[in-house]
Amino acid sequence: QVQLVESGGGLVQAGGSLRLSCAASGRTFSNYAMGWFRQAPGKEREFVAAITWSNGRTSYTDSVEGRCTISPGNAKNTVLLQMNSLKPEDTAVYYCAASRSDDPGWTDVYWGQGTQVTVSS
C-alpha cells in the first residue's frame, strides 16, 4: 500500500520560511516524479513543484520560482520543499504527490493527506 506522509506545515508571518517534508513508502519510486500541489479555499488544486528521481530534474510553477526549492531528503523516497519569502497568497493545504515520470500530466497520482500552510500578513 502506497503512503505519502507530509509534515512541516504551520503558521508563519509574511516573509518567513517553512520546510515541508514528504516520506513515501509502499513501492519502488525510481521511475517516479514526486512533487507538491496546493489548494487554497475556493480554488482548484494547483501544481507547485516537482522532482524526477531518475535525473534530478526539477520544475516549479511561476509564482514560487526563486522562492521555493524542491530537493531529495536524507532518507530514501523523501522529498523536501523549502519555501522562503512566503506571502499570504501562499496560504493553502499542501499535498505531496507521486506519479510515474512518463505521466507529465499527473493523471494517475498517489496523494498525501495534506498539510496546512498559513501565511499571515
Side-chain angles (χ1 to χ4, degrees):
Q1 181 181 357
V2 173
Q3 283 191 314
L4 304 178
V5 180
E6 303 105 332
S7 61
L11 173 65
V12 64
Q13 288 188 334
S17 299
L18 281 175
R19 188 175 72 172
L20 306 183
S21 177
C22 174
S25 62
R27 67 162 300 134
T28 300
F29 291 95
S30 57
N31 294 323
Y32 275 67
M34 287 186 67
W36 293 90
F37 288 69
R38 66 186 180 187
Q39 188 167 18
K43 295 187 177 181
E44 293 187 354
R45 191 173 298 189
E46 65 172 354
F47 172 81
V48 177
I51 184 168
T52 302
W53 288 129
S54 61
N55 58 20
R57 182 175 180 178
T58 59
S59 59
Y60 300 90
T61 191
D62 288 346
S63 62
V64 306
E65 184 84 53
R67 299 189 296 120
C68 294
T69 303
I70 190 168
S71 63
N74 289 331
K76 188 177 180 180
N77 295 331
T78 299
V79 64
L80 307 176
L81 183 68
Q82 178 68 42
M83 302 188 294
N84 301 323
S85 302
L86 283 163
K87 304 175 181 179
E89 51 263 43
D90 293 317
T91 295
V93 177
Y94 283 70
Y95 295 91
C96 181
S99 181
R100 287 183 58 90
S101 56
D102 59 0
D103 176 26
W106 296 81
T107 60
D108 187 12
V109 181
Y110 296 109
W111 294 103
Q113 81 283 358
T115 186
Q116 178 70 45
V117 171
T118 302
V119 184
S120 63
S121 58

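Under the 4.5 Å side-chain contact rule for hydrophobic residues, Val109 and Trp36 do not share a cluster.
Panel note: side chain Asp90, backbone Lys87; a donor-acceptor pair is recorded below 3.5 Å. Between the side chain of Glu6 and the backbone N or O of Gln113 there is at least one donor-acceptor pair closer than 3.5 Å. In this structure, Asp108 contributes its side chain and Arg100 its backbone to no donor-acceptor pair below 3.5 Å.
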**Item:** side-chain hydrogen bond (donor to acceptor under 3.5 Å, both in side chains) between Tyr32 and Arg27, intermediate numbers included
**Value:** CA-CA 10 Å; Tyr32 275 67; Arg27 67 162 300 134; 3.3 Å; yes
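Here the side chains of Leu81 and Cys68 are in contact, with some heavy-atom distance below 4.5 Å. Contact check for Ile70 versus Leu80: no side-chain heavy atoms found under the 4.5 Å cut-off. Contact check for Val119 versus Glu89: no side-chain heavy atoms found under the 4.5 Å cut-off.
Of all non-hydrogen atoms in Ala92 and Ala40, the two that sit nearest each other are CB-N, 3.8 Å.
The only option from Thr69, Val117, Val12 that meets the side-chain contact (heavy atoms from CB on, under 4.5 Å) definition with Met83 turns out to be Val117.
Using modelled atom types and a 3.5 Å distance limit, the side chains of Ser101 and Asn31 yield no donor-acceptor pair. For the residue pair Thr118 / Gln116, a side-chain donor-acceptor distance below 3.5 Å is found, with atom types taken as modelled.
Seen from the ring of Trp106, Arg45 does not count as a face-on cation partner, given the 6.0 Å and 45° thresholds.
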